[in-house]
Number of protein chains: 2
Amino acid sequence: MSKCEQCIIRQFNSLKSLTKDELIRISGCKTTKIIKKGEVIFDEGDKLNGVFCIKDGICKLSKLSENGKDQIVKLVVKGELLGQRSLISDERANLQATALNDMEVCFIPREEIVNDLQKNPSFTFDVLQQMAQDLKEADDVIVNMAQKSVRQRMAEVLINIHKSFGTNPDGTLSVLLSREDFASLVGTATESAIRVLSQFKKEGLISTVGKQIKIEDLEELSRIE
Amino acid sequence: MSKCEQCIIRQFNSLKSLTKDELIRISGCKTTKIIKKGEVIFDEGDKLNGVFCIKDGICKLSKLSENGKDQIVKLVVKGELLGQRSLISDERANLQATALNDMEVCFIPREEIVNDLQKNPSFTFDVLQQMAQDLKEADDVIVNMAQKSVRQRMAEVLINIHKSFGTNPDGTLSVLLSREDFASLVGTATESAIRVLSQFKKEGLISTVGKQIKIEDLEELSRIE
DNA sequence: GTGAAAACATGACAAATATCATATTTAAAT
DNA sequence: ATTTAAATATGATATTTGTCATGTTTTCAC
């Protein structure tokens with residue numbers, strides 16, 4: 001089994017604030033899981049008995065609306081933690097987490113994390129800072145959802161994915177999403193999402209190879225209104 | 001000057017986790033302000049040099065969208081803190097705070113709060129729990145904005161105000177908002193908000209006395225789809 | 001009290017988006 | 001390789017929501 005204290009992934013999340021001893025302790029009780037694309041990591045209402053540290057892969061956090069449609073709230077990638085919110089509030093999961101490609105995650109039991117939250121203030125503060133950042137991003141999404149058009153929102157989704165998760169060597173977005181997922185991120189019907197992407201393609205803002213998308217004109221895409 | 005250690009307001013926010021000594025120290029450097037209805041407490045981009053503890057009144061947190069319209073992200077009332085997010089992230093304010101009625105707030109300088117965050121883990125954890133709750137609520141708002149109709153969102157706004165902030169003795173909502181603010185909460189045009197409220201009135205779901213609103217049929221209002 | 005400005009209200013129409021129908025392409029299973 | 005299902009795509013149309021115009025009511029300063 002791999003050791004947390006030697007794992008470089010933790011540099012990207014709050015676990016970096018743990019001491020060597022704490023990491024060794026966590027290393028001893030964590031479990032590593034392989035999760036297949038499409039698999040649900042946890043569901044709305046699930047009681048989470050710990051947090052997940054994503055070693056590889058990407059997943060979506062979504063919530064089923066009363067009209068039966070899923071809304072993606074956030075994408076979570078390699079390096080980030082999953083499930084801290086529920087653990088801190090001591091509540092059941094508010095969102096569903098689903099793998100978007102094959103993932104490797106480490107599961108750290110609740111007691112270990114809670115222990116560290118109580119005893120290591122700099123870890124707690126780091127978690128707090130991450131949560132504050134998440135809250136800011138969520139506030140911005142609220143404003144966008146409420147005030148911008150589907151076209152604008154799609155442009156921003158593409159730009160965000162490009163900026164946050166990068167591109168493959170050929171320039172295509174490294175995060176591969178279905179049109180349905182794009183719709184669910186933008187908050188629109190799948191047909192509308194497809195139409196907007198088709199339009200972007202016609203306008204030369206993006207190009208596609210299969211379902212791969214490449215941003216051709218980032219400048220113009222960010223000017224859309 | 002009033003004393004924090006004797007102030008009952010702190011029971012409603014994270015300051016309750018401070019020790020008596022810490023409260024006395026804060027009491028010595030806080031300043032109390034009276035803010036008039038409509039006054040901006042802080043603006044987007046402002047550098048906040050502390051947090052506000054709301055002793056009385058209510059305010060809105062909003063953000064100006066690129067299309068020039070304000071979107072209200074959250075209402076903050078008596079008992080809650082204002083500005084912690086920016087302080088923790090050490091960033092300029094992401095939102096604007098505007099008084100919705102006459103307010104009394106205590107301003108606590110940044111250094112004092114930061115000091116406590118470093119030295120009192122239970123205070124930090126309390127702030128973290130509050131932030132986690134805010135994040136959950138923000139996620140839910142995202143889903144509603146993206147997936148529900150203006151009619152549904154207005155119904156939820158009315159129900160939330162009713163549940164969270166209560167009613168006057170005559171049953172009208174204790175938080176008095178302009179139609180423009182309702183529109184900005186729902187994320188729609190002012191005219192659309194007015195139309196929906198008029199429709200609710202016609203259907204007997206609410207009644208109005210001037211701009212005061214009274215929920216007449218909470219059951220039916222929550223069934224709207 | 002009176003006039004002006006702001007807030008509220010409603011109709012008419014335009015624009016954006018959803019829905020339904022139906023191809024077409026791609027991926028998956030056998 | 002062939003079949004089948006799923007994903008993508010596009011047109012036609014309905015619905016929702018925004019915008020503009022205009023009238024009414026309320027609020028507020030003087």
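As the structure is a computational prediction, the values presented were derived from the model and not from experiment. Just so it is clear: chains get the letters A, B, ... in the order the sequence lines come, proteins before strands, and each one is counted from 1.
Using a distance-only test at 3.5 Å, with no hydrogens or angles considered, no donor-acceptor pair links the side chain of A/Ser164 to the main chain of A/Ile161. B/Thr208 places no side-chain N or O within donor-acceptor distance of the main-chain N or O of B/Lys211, the cut-off being under 3.5 Å.
Regarding A/Lys37, its NZ atom lies at a distance of 11 Å from the C1' atom of D/dA7, rounded to whole Å. In this structure, CZ of A/Phe182 is placed 11 Å from P of D/dA9, rounded to the nearest angstrom. Protein atom CG of B/Asn67 is 14 Å distant from nucleotide atom C1' of D/dT17, rounded to whole Å. For the pair B/Lys36 NZ and D/dC28 C1', the interatomic distance rounds to 15 Å; values are reported in whole Å. The interatomic distance linking B/Arg179 (CZ) with C/dT10 (P) rounds to 10 Å, in whole Å. Here D/dT26 presents its C1' atom at 16 Å from CD of B/Glu180, a figure rounded to the nearest Å. Following rounding to the nearest Å, B/Leu176 (CG) and D/dT27 (P) show an atom-to-atom distance of 10 Å.
For the residue pair A/Asn13 / A/Glu80, no side-chain donor-acceptor distance below 3.5 Å is found, with atom types taken as modelled. Of the N and O atoms on the side chains of A/Glu156 and A/Gln152, not one donor lies less than 3.5 Å from an acceptor on the other residue. Residues B/Glu216 and B/Ser207 have side chains that bring a donor and an acceptor to within less than 3.5 angstrom of each other. Under 3.5 Å, the side chains of A/Gln129 and A/Gln133 contain no donor-acceptor pair of N or O atoms. Side-chain atoms of B/Gln147 and A/Gln71 include a donor-acceptor pair closer than 3.5 Å.
The pair A/Arg110-A/Asp90 meets the salt-bridge criterion, with a side-chain N (NZ, NE, NH1 or NH2) lying under 4.0 Å from an Asp/Glu carboxylate O. Between A/Lys63 and B/Asp139 there is no salt bridge, since no side-chain nitrogen of the basic residue lies less than 4.0 Å from a carboxylate oxygen of the acidic one. Between B/Lys47 and B/Glu91 no salt bridge is recorded (no basic side-chain N to carboxylate O distance below 4.0 Å). B/Glu191 and B/Arg195 are not joined by a salt bridge, as no carboxylate oxygen comes within less than 4.0 angstrom of a charged side-chain nitrogen. Look at A/Glu225 and A/Lys148 and you find no salt bridge, because none of the NZ, NE, NH1 or NH2 atoms lies under 4.0 Å from a carboxylate O.
Non-hydrogen atoms lying under 4.0 Å from DNA chain C are contributed by A/Thr188, A/Ala189, A/Glu191, A/Ser192, A/Arg195, all within residues 186-208 of chain A. Near DNA chain D, meaning a heavy atom under 4.0 Å from it, residues 145-153 of chain B has B/Ser149, B/Val150 in order of number.
Judged by the 6.0 Å and 45° rule, B/Lys30 forms no cation-pi pair with B/Phe107.
To the nearest 0.5 Å, atom CD of residue B/Glu220 and atom CD1 of residue B/Ile215 are 13.0 Å apart.
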Polar atom pairs (N or O), protein with nucleotides 1-6 of chain C, under 3.5 Å:
none

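Around NZ of A/Lys136, the count of heavy atoms belonging to other residues, nucleotides or ligands within 6.0 Å exceeds 12.
In terms of phosphate contacts, A/Lys69 brings a side-chain nitrogen or oxygen within less than 4.0 Å of OP1 or OP2 of C/dT19.
Inter-axis angle, ends of the helix from C/dG1-D/dC30 to C/dT30-D/dA1, five pairs per end, rounded to 10 degrees: 50°.
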* For each nucleotide in nucleotides 24-30 of chain C, reading 5' to 3', give B when a protein heavy atom comes within less than 4.0 Å of its base, S when such contact involves only the sugar-phosphate, and - otherwise. => -------

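For the side chain to side chain contact (heavy atoms under 4.5 Å, CB included) test, residues two or more places apart in sequence or in another chain that qualify with A/Val141 are A/Met145, B/Ile142.
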